[in-house]
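Below: the structure, in structure tokens.
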Number of protein chains: 2
Amino acid sequence: MYFWRNLYPLTRSEENYIKAIFHLGGNASTSVATNAIAEEMDTKPSSVTDMAKKLADKGLVNYVRYQGVLLTEKGIKTALGIIRKHRLWEVFLVKKLDFSWDEVHEVAEQLEHIKSEKLIDKIDELLEFPKYDPHGDPIPTKNGEFQERDKQLLSEMPLSSTGICVGVKDSSSSFLKFLDKNQIALGETIQILDKEDFDDSLLIKIAEREFHISHQIAANLFVKKNS
Amino acid sequence: MYFWRNLYPLTRSEENYIKAIFHLGGNASTSVATNAIAEEMDTKPSSVTDMAKKLADKGLVNYVRYQGVLLTEKGIKTALGIIRKHRLWEVFLVKKLDFSWDEVHEVAEQLEHIKSEKLIDKIDELLEFPKYDPHGDPIPTKNGEFQERDKQLLSEMPLSSTGICVGVKDSSSSFLKFLDKNQIALGETIQILDKEDFDDSLLIKIAEREFHISHQIAANLFVKKNS
DNA sequence: ATCAATTTTTAGATTTGTCTAAATTTTTAT
DNA sequence: ATAAAAATTTAGACAAATCTAAAAATTGAT
């Protein structure tokens, strides 16, 4: 009777676990710890164990007792599908409905579970096949291809170098609002004018303004080196 | 402790019950039978009884044992909110994503449960506040106002009268596909040329073509009388 | 008005996803 | 190498939403 199982669609909970495991690096070769998943998902390790077994049954992860979980090929495809949906909906919300980039996450968390291949492909088309979401993260294609951008953290750029702001590492609402308030937007050119040894804070130039930012800010902003 | 309860959002299942009860006329003064709800929702009467108690706890319905269920004011508002979302999403799918009117129902059934007031209001705005969905059903406003159209079934129109096709009673995929195939679309003018006593079939004129339709078809097409 | 048919509810079970608390395994520090 | 700490699993419980089977109430037909 068991061979039916993977014909059934995944539950919302299963999808969320897959997404979390992917996010924690479960696509690589080192498996993800039960505790890490529990923390990421704000749940208990025992719940993670239960779900790990179920996902293993469905062929989405490899699970070995006491050794954590690793996405299978099928699990990775599933994860990319969910991430694709999440990020496309984020673009839709920003581009078509005038949401700001700090408002989209919650709603996209719901929309990513809508089951209709046609729907998401049409949304993709409407948006003219965007490559990046509003936070600069790449959008997997329909076939699960993933194009990670050539980028580095602002905090790791050398003094007096220049780069274009292409993404954020932390996409919490508070960080994004801070960036808005200080008119730091994706696409802007940033130049590092000075570094403070004491606290690693930076003096940067962005859009003709000079501006002090803490290390914590710089360590959450991705820039693309000017070649 | 009980006064928290109605702050929590409704579950998907609760929303589906509310919608079904509304659909069965539970907004009027005669209450809806357990069996009718079970049939409508393709579930068992005992499940309905359980849910009736839960919805009554939450103040969404009045429930008296052995006497069925009646939506409260709050229940009616909830129902109208869900119907509003369902119908707006249907318009969105047709107008913005080129879905055909026989494809939208399933997807809208999922989208109607997305919880974000801003989202649906923005969708409403994007669509320029449509009054009717693709099947001709009216879309409740944000405040729950409902404008039922002045319409009647084609089968009830007198011989040789003329009307504009404004909606369908049955919106099953098979019926809608039949209409498409025969180029019967909302907005078209229909004239009744002849009625057959034997089987109540009609000879109609639509878009310059003459056309025979069975009573079953005519009894599922709404027209607006030409005044 | 009574009894049979129908409708509805109750009681008890099941599944999914979660939890707590206890047991077990693995890791780490000495 | 071993004991303490940390991580993980198991066992048993619970809430939500459902089901089946049996009991109870209502309805309807004579």
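Naming: A, B, ... by sequence-line order, numbering from 1 per chain.
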Reported CZ-to-CG distance for the pair A/F175 and A/D180, which is rounded to 0.5 angstrom: 10.5 Å
Just the rounded figure in Å: distance from [atom2] of [N] to [atom1] of [X].
{"X": "A/E14", "N": "C/dT15", "atom1": "CD", "atom2": "C1'", "answer": "12 Å"}
{"X": "A/L55", "N": "C/dT16", "atom1": "CG", "atom2": "P", "answer": "13 Å"}
{"X": "B/N16", "N": "D/dT18", "atom1": "CG", "atom2": "C1'", "answer": "14 Å"}
{"X": "B/K44", "N": "C/dT7", "atom1": "NZ", "atom2": "P", "answer": "14 Å"}
{"X": "B/R12", "N": "D/dT18", "atom1": "CZ", "atom2": "C1'", "answer": "16 Å"}

Lys/Arg-Asp/Glu bridge criterion (N-O < 4.0 Å) met for A/E14, A/K19: no
Within 45° cone and under 6.0 Å: A/K169 NZ/CZ vs A/F222 ring: no
Residue B/Q152 excluded, over 12 heavy atoms near CD under 6.0 Å: yes
Salt bridge (charged side-chain N to carboxylate O under 4.0 Å, His left out) contacts in which one or both residues fall within residues 143-152 of chain A, not counting sequence neighbours: A/E148-A/K151
Annotated protein contacts, base or backbone, on nucleotides 8-13 of chain C with a non-hydrogen cut-off under 4.0 Å, one of B, S, - each: BBB---
Nearest non-hydrogen partners of B/W101 and B/P134, listed with the distance: CE3-O, 3.2 Å
